[in-house]
K.L.:
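Let me give you the structure first, and then I'll get to my questions.
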Number of protein chains: 2
Amino acid sequence: MSMSDSWEDKVAAVRHHRDASLQKVSPPLALDALPSPLPLNSQGIPKLLLTPREIEITENYTVKQLLAKLRSRQISVEEVTRAFLRRAAVAQASVNCLTELLWDFAIERARYLDSLPEPQGALFGLPISTKEQHGMRGENVTTNASYVAWIDRKPGSNQIYDILWDAGCVFYARTTQPQTVMHLETNSNIYGRTLNPYNRDLTPGGSSGGESALIGIRGSILGVGGDIGGSIRLPAAHCGIYGFKPTCKRISAGVPGRESILSSYGPMTTDRDAMELFMQTLLAAKPWLVEPSLTFKQWIPYQFDRPLKIAVQWWDGVVKPHPPIIRALTEVAAACKAAGMEVVDWDCDGLQHDKAWEIISSLYWPDGGAEAMGRITGAGEPVLPLTKFIIEEQPSVKRLSIEELWERTEQRDAYRAFYARAWTATGQDGREVDVILGPASFGAATPHDQSRYWGYTSQWNLLDYPGAVFPVTTVDPAQDAKDETYVPKNEQDKFCYELYTPERYKDAPVSLQIIGRRNHDEKVLAALVEIEKALGRP
Amino acid sequence: MSMSDSWEDKVAAVRHHRDASLQKVSPPLALDALPSPLPLNSQGIPKLLLTPREIEITENYTVKQLLAKLRSRQISVEEVTRAFLRRAAVAQASVNCLTELLWDFAIERARYLDSLPEPQGALFGLPISTKEQHGMRGENVTTNASYVAWIDRKPGSNQIYDILWDAGCVFYARTTQPQTVMHLETNSNIYGRTLNPYNRDLTPGGSSGGESALIGIRGSILGVGGDIGGSIRLPAAHCGIYGFKPTCKRISAGVPGRESILSSYGPMTTDRDAMELFMQTLLAAKPWLVEPSLTFKQWIPYQFDRPLKIAVQWWDGVVKPHPPIIRALTEVAAACKAAGMEVVDWDCDGLQHDKAWEIISSLYWPDGGAEAMGRITGAGEPVLPLTKFIIEEQPSVKRLSIEELWERTEQRDAYRAFYARAWTATGQDGREVDVILGPASFGAATPHDQSRYWGYTSQWNLLDYPGAVFPVTTVDPAQDAKDETYVPKNEQDKFCYELYTPERYKDAPVSLQIIGRRNHDEKVLAALVEIEKALGRP
């Protein structure tokens with residue numbers, strides 16, 4: 001790649017690399033047999049292209065079940081790997097979620113694992129999909145994070161991926177992210193737009209939207225995302241899968257040198273228990289010895305010794321959730337009550353979630369976005385609408401002096417203390433709220449380029465609270481009629497309100513979020529178990 | 001105080017307030033009976049001014065022993081409080097360590113505690129001295145942090161002092177700190193210079209030098225300091241007392257909005273066990289619920305299940321310690337070996353402690369020191385030599401742009417990871433080093449205005465490692481002759497080398513420091529117990 005190539009030339013080379021990686025699929029997929037145009041909902045496509053055995057391997061097992069089969073050698077790592085490689089290729093053909101399929105690399109790894117006299121590692125033989133932004137082991141692995149300027153960049157691996165590798169996993173597919181990795185959708189000049197596997201007219205969310213789309217069609221059952229404003233939880237919610245954003249610094253993440261707002265890596269997966277397995281595996285490796293800023297604390301599963309006290313966040317005081325979200329909250333709250341839990345309201349009036357957005361959006365870009373915008377425009381690639389939204393259209397975003405950064409940071413910490421007091425105040429009756437149950441977004445997966453309200457996820461990034469997302473239902477026009485009488489409270493509320501008609505959101509998954517106090521990660525996942533039990537999911 | 005008053009007028013008013021607070025002492029101290037000039041070593045002065053009973057109360061008990069007597073009501077809180085109030089006044093007359101004596105406030109508190117039907121709180125009745133910088137409860141309490149510009153400032157209390165208060169302590173004396181609170185000595189235009197209670201020609205250290213001087217003459221047996229570059233450990237070392245700097249964010253501290261380099265509050269005390277009591281008391285209050293950035297972790301005392309592996313830091317590769325420090329290291333290392341511990345060297349060659357100083361000194365002042373210098377010069381007060389040293393004379397200190405701050409922060413984190421790897425590498429034989437035993441300073445307490453090398457403490461602030469300081473011996477001209485053949489390795493080494501003659505350091509305490517990995521606070525204090533046992537201090 002020469003310096004004088006146009007950005008389009010560079011992108012063409014990357015796409016060629018991606019497409020060539022998909023040409024490796026063997027036996028090749030019978031893509032010509034697919035209907036044209038593709039159906040709105042991609043969930044039926046795998047069955048058209050994969051063998052019954054591949055369908056069985058990729059659909060019939062939870063992560064733990066598959067691991068048990070791999071560990072007992074009832075099934076070879078290579079057979080599992082090939083099944084997921086082929087299904088990932090199906091996902092790519094359906095929703096454009098891959099940056100690269102690692103055919104040879106994965107099969108070589110699988111054969112190595114199969115050759116071991118004894119299975120080794122907590123993730124022995126498990127195919128894990130990875131976000132392109134995160135880099136990876138391998139001499140020739142490039143990591144562009146969807147910046148044209150970085151097309152040839154080779155930053156190398158990271159601690160989390162190394163621990164997963166040492167635990168015996170197979171990396172086999174790398175997934176898309178949006179320009180700047182700071183959209184709640186997944187669209188870039190390099191890889192194009194990733195689509196929702198339940199409805200092509202909707203986004204799979206972002207920034208880990210390649211993961212959510214891939215996992216949402218079971219081209220993967222465990223992947224790694226990153227979350228600084230919702231980038232694990234929102235795409236997981238939009239694709240009907242599970243996602244967990246740990247408290248920052250439980251496990252490694254983040255851009256070196258930035259600490260005003262930290263990001264978290266975390267699991268995205270088809271099943272609940274895999275999230276805890278992911279965290280346990282990473283923390284068993286004592287990552288704080290290598291990256292000393294990490295919290296010095298093993299993962300010790302939490303056990304409730306009495307029924308939960310849950311606070312339901314019906315809305316955040318800024319944007320009213322769409323009818324399907326309200327219905328999901330109502331249903332889950334009722335199930336929790338029926339199971340004997342105490343259910344109260346999380347009243348956001350007075351909690352200033354709008355102010356939280358002002359603080360966090362400013363701290364995302366203390367340089368006013370100069371670095372990111374310079375990287376984009378310097379490479380000649382177009383600035384996408386959601387990049388403009390998150391940098392240029394936020395009044396809070398501007399270059400800060402050191403003193404202004406201090407002031408913003410002080411506001412951040414004061415807001416965190418303020419919110420902590422509100423949480424503690426729920427214990428005045430002797431029983432503090434265990435977790436908040438709330439939306440993961442104002443609605444189900446949005447139509448493309450319309451993800452312009454981050455509040456239901458970014459709020460918890462500002463507070464650094466752990467959050468888990470889980471699927472509840474799907475949009476149902478019969479039950480989820482638009483409230484035609486509602487009068488929006490502000491411009492953002494109006495924008496989101498006007499987006500909604502049940503027909504537009506056809507088949508879209510509806511998910512909710514469970515939030516705990518900072519560093520109460522184990523408690524959040526334990527609460528999810530209790531809440532899902534109340535929903536009849538043991 | 002009017003805006004038009006000169007800085008000298010403002011200072012005169014503060015000194016008047018201090019002096020008036022000392023006039024409250026009852027019965028008054030017979031200060032006229034003191035020799036003039038005062039002896040170089042102040043340790044004999046209390047016996048000239050206090051009653052035998054006051055001497056008994058202030059000298060004969062450890063913190064835990066005194067607490068036991070208070071809790072069992074063998075002695076009243078008021079009697080203990082009066083004894084320490086009067087001894088603190090003696091300390092003030094001897095070494096100028098107080099900003100204020102809280103006579104009425106403390107006696108009122110003591111009487112309240114005596115009036116309780118049952119003793120309450122882990123620190124019931126214990127007089128605790130406090131650093132003026134930290135503020136305190138009370139409507140009329142001002143907190144100037146030794147800035148003339150802040151003479152009328154009332155920032156209020158802080159979480160740690162509130163927890164100590166709730167645990168039943170008595171606040172009775174507030175102590176001095178230097179201009180900017182960023183000298184390793186204690187001199188300001190407001191309060192003048194605080195002296196070492198073992199030798200008036202030497203510094204008690206700083207910035208918590210009012211505390212170390214007061215506790216060094218047993219005008220207090222437990223006080224609170226703060227440490228961002230050595231400000232607990234170095235003054236504790238210079239005054240022959242114990243001091244502990246926890247890992248940051250175990251307990252509350254710091255200047256709001258600043259996070260590049262954090263500070264720690266911590267205990268300074270006459271005895272070892274009080275440090276753990278202090279930490280346990282604070283963490284039992286679950287401070288993370290109020291200040292959510294704090295680490296979510298109780299204090300769980302560490303138990304060694306085998307003999308320690310200790311690495312001795314003979315020097316830091318930059319400045320060679322003075323002979324008494326080397327002797328102390330030699331003696332303690334020999335005692336540890338004799339007790340069955342494994343003793344290895346902590347070789348700093350290649351560990352770039354000079355680079356660590358470059359990073360941390362820059363991150364102390366990302367605004368180039370503009371805020372602090374503006375506060376000083378704006379009030380018209382003179383800039384003291386050690387203020388010039390730490391801001392103007394450090395080539396690394398300059399105003400940073402956001403991008404430069406990111407770069408420095410990245411260097412900080414890379415250095416931390418680099419150092420962690422070095423520590424982990426000590427475990428290649430299957431047994432990682434438990435703690436580092438090293439100097440707390442290049443020498444004993446320095447002559448005034450000469451504390452111009454921070455490396456033996458600031459190194460561990462940069463790394464955010466916990467550190468405890470303990471007394472070992474005193475400078476002994478017979479054993480600690482200057483090495484006349486030594487050839488300094490660099491300018492800093494030369495400066496420190498030339499400072500030393502055994503005569504200059506007459507009677508000065510010699511202390512050492514124990515360092516643990518980040519967040520291994522409990523282990524550091526447990527190691528101190530083992531090491532002191534090896535020294536015959538059970």
Side-chain angles (χ1 to χ4, degrees), chain A residues 159 247-250 252 254-260 286-297 365-368 370-371 374 399-421 423-424 427 432 463-465 516-523, chain B residues 159 247-250 252 254-260 286-297 365-368 370-371 374 399-421 423-424 427 432 463-465 516-523:
Chain A
Q159 198 201 19
T247 302
C248 294
K249 297 292 181 188
R250 276 311 284 277
S252 179
V255 179
R258 275 63 159 177
E259 57 187 347
S260 301
K286 301 187 180 177
W288 52 82
L289 295 180
V290 176
E291 194 174 325
S293 67
L294 298 182
T295 303
F296 168 42
K297 198 176 191 176
W365 314 100
D367 68 343
E371 184 186 56
R399 168 174 286 275
L400 303 179
S401 66
I402 290 291
E403 289 81 358
E404 288 167 330
L405 179 68
W406 287 342
E407 195 186 332
R408 276 285 182 209
T409 307
E410 191 170 345
Q411 288 171 5
R412 180 200 70 188
D413 290 348
Y415 186 79
R416 287 173 174 172
F418 159 79
Y419 218 89
R421 282 194 297 277
W423 196 305
T424 299
E432 184 178 293
L463 294 170
D464 195 20
Y465 288 0
R517 293 189 86 142
R518 180 166 182 269
N519 272 322
H520 289 60
D521 299 76
E522 288 88 340
K523 192 174 189 176
Chain B
Q159 199 201 18
T247 303
C248 294
K249 297 292 181 189
R250 275 312 284 278
S252 178
V255 180
R258 275 64 160 178
E259 59 187 346
S260 301
K286 301 186 180 176
W288 51 82
L289 295 181
V290 175
E291 194 174 324
S293 68
L294 298 182
T295 304
F296 169 43
K297 198 177 192 177
W365 314 100
D367 67 343
E371 184 185 55
R399 168 173 285 276
L400 303 179
S401 67
I402 291 290
E403 289 82 357
E404 288 166 330
L405 179 68
W406 287 342
E407 195 186 332
R408 276 285 182 209
T409 307
E410 190 171 346
Q411 287 171 3
R412 180 199 70 188
D413 290 349
Y415 187 79
R416 287 173 174 172
F418 160 77
Y419 218 89
R421 282 195 297 276
W423 195 306
T424 299
E432 184 178 292
L463 294 169
D464 196 20
Y465 288 179
R517 293 189 86 140
R518 180 167 181 269
N519 272 322
H520 289 58
D521 299 76
E522 288 89 339
K523 192 173 190 177

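To find a chain, count down the sequence lines: A is the first, B the second, and so on, and within it residues start at 1.
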K.L.:
Relative to chain B, which segment of A:Arg517 carries a heavy atom at a distance below 4.5 Å: side chain, backbone, both, or neither?
P.N.:
side chain
K.L.:
By a 4.5 Å heavy-atom criterion (distance strictly below it), what part of A:Glu407 contacts chain B: side chain, backbone, both, or neither?
P.N.:
neither
K.L.:
Let's test your reading of the structure: which of B:Glu410, B:Arg258, B:Arg518 forms the most heavy-atom pairs below 4.5 Å with chain A?
P.N.:
B:Arg258
K.L.:
Tell me which of these, A:Asp413, A:Thr424, A:Leu463, A:Leu400, has more heavy-atom pairs under 4.5 Å with chain B than the rest.
P.N.:
A:Leu400
K.L.:
Check each atom of B:Gln411 against the heavy atoms of chain A and say whether the ones under 4.5 Å are side chain, backbone, both or neither.
P.N.:
neither
K.L.:
Taking all non-hydrogen atoms of both residues, which atom of A:Asp367 and which atom of B:Glu403 are closest, and how far apart?
P.N.:
CB-OE2, 3.6 Å
K.L.:
What part of A:Glu259 gets within 4.5 angstrom of chain B, counting heavy atoms only: side chain, backbone, both, or neither?
P.N.:
both
K.L.:
Is any side-chain heavy atom of A:Phe296 less than 4.5 Å from a side-chain heavy atom of B:His520?
P.N.:
yes
K.L.:
Taking all non-hydrogen atoms of both residues, which atom of B:Pro292 and which atom of A:Arg416 are closest, and how far apart?
P.N.:
CG-O, 3.4 Å
K.L.:
Quick check on A:Ser260 against chain B: is it the side chain, the backbone, both or neither that has a heavy atom closer than 4.5 Å?
P.N.:
both
K.L.:
Might you point out which heavy atoms bring A:Ala420 and B:Val290 nearest each other, and give the distance in Å?
P.N.:
CB-O, 4.4 Å
K.L.:
Relative to chain B, which segment of A:Arg399 carries a heavy atom at a distance below 4.5 Å: side chain, backbone, both, or neither?
P.N.:
side chain
K.L.:
Between B:Arg408, B:Arg412, B:Glu432, which shows the greatest number of heavy-atom pairs under 4.5 Å with chain A?
P.N.:
B:Arg412
K.L.:
What residue in B:Arg421, B:Lys249, B:Lys297 has the most heavy-atom pairs under 4.5 Å with chain A?
P.N.:
B:Lys297
K.L.:
Side-chain contact test, heavy atoms from C-beta onward, threshold under 4.5 Å: evaluate it for B:Leu405 versus A:Ile402 and give yes or no.
P.N.:
yes
